[in-house]
Q: 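One structure follows; several queries about it will come next.
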Amino acid sequence: MARDTLERYREKRRFDRTAEPEGAESASDGRLYVVQKHAARRLHYDLRLQLGDTLKSWAVTRGPSLDPADRRLAVHVEDHPLEYGGFEGTIPKGEYGGGAVIVWDRGTWVPIGDPEEGYRKGRLKFRLAGEKLQGGWTLARMHTRGERTDNWLLIKERDTYARPGEGDAIYTEAPESVLSGQPIESLQEEAPPKRSAKRRAQTPKVGRLAGARAAALPAFVPP
Ligand code: MN
């Protein structure tokens, strides 16, 4: 693992004094953590935690709650590639997960205990160091045999980052993307309008015009 091979490299340097890179993230330094706000058929928040070289993923229907008394359903979904953690954009309507996606929060996570084992056993304890979500959290698999989905619960630990009684306040206080600073609505407005049937009918067909030839549009049309 990178941790062992870079240990001596790191011991010799003080990264608050030198601009040299500290090296790839390792278990003790934290791994990539992302929450994407996804305006699909139903708005939800996708929690992703890097484990190995993929992002383990849960769709959190109502988003993580900062109230420890408020356990949130987190449906375990398929692994996503690491690069997905930087994805923002609009998935076309009719495609899988069609709708706008923004990176609502991002940072690193630090597992408490062996994360591979915790993930396998359905009990992950960790700390988040994001821009919006911090402190201790637990993901615990529900014992629901026969269910079609793999349901987990996401629970905030009682610590200084917890906000009892106002678990959802963060969503109205900070609805925007941590990458662009824009709310998800800006992406929804950006979606290219479909050419209307009326407009299509008005476009003359080349074949009907005498002497007309199909040609590529010029790159620049002077005003
Ligand atoms: Mn999603």
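Just so you know, ligand 1 is whichever comes first in the structure, and atom 1 is the first atom listed for that ligand.
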Q: According to side chain to side chain donor-acceptor pair (under 3.5 Å), does anything in residues 64-77 pair up with another residue at least two apart or in another chain? List the pairs.
A: S65-D70, D70-R72, R72-D168, H76-Y119, H76-D150
Q: Roughly how far, to the nearest 0.5 Å, is the CZ atom of F126 from the OG1 atom of T108?
A: 12.0 Å
Q: Nearest heavy-atom pair of I184 and A100: which atoms, and what distance?
A: CD1-O, 3.4 Å
Q: Could you please tell me which protein N, O or S atoms lie under 2.8 Å from the Mn ion (ligand 1)?
A: H38 ND1, H44 NE2, D46 OD2
Q: Apply side chain to side chain contact (heavy atoms under 4.5 Å, CB included) to E88 and list each qualifying residue two or more places apart in sequence or on a separate chain.
A: I102, V103, S177, L179, S180
Q: Which heavy atom of L139 sits nearest a heavy atom of A74, and at what distance?
A: CD2-CB, 4.0 Å
Q: Which residues satisfy the side chain to side chain contact (heavy atoms under 4.5 Å, CB included) test with L133, sequence neighbours excluded?
A: Y33, V35, P64, L66, W104, D105, L128, W137
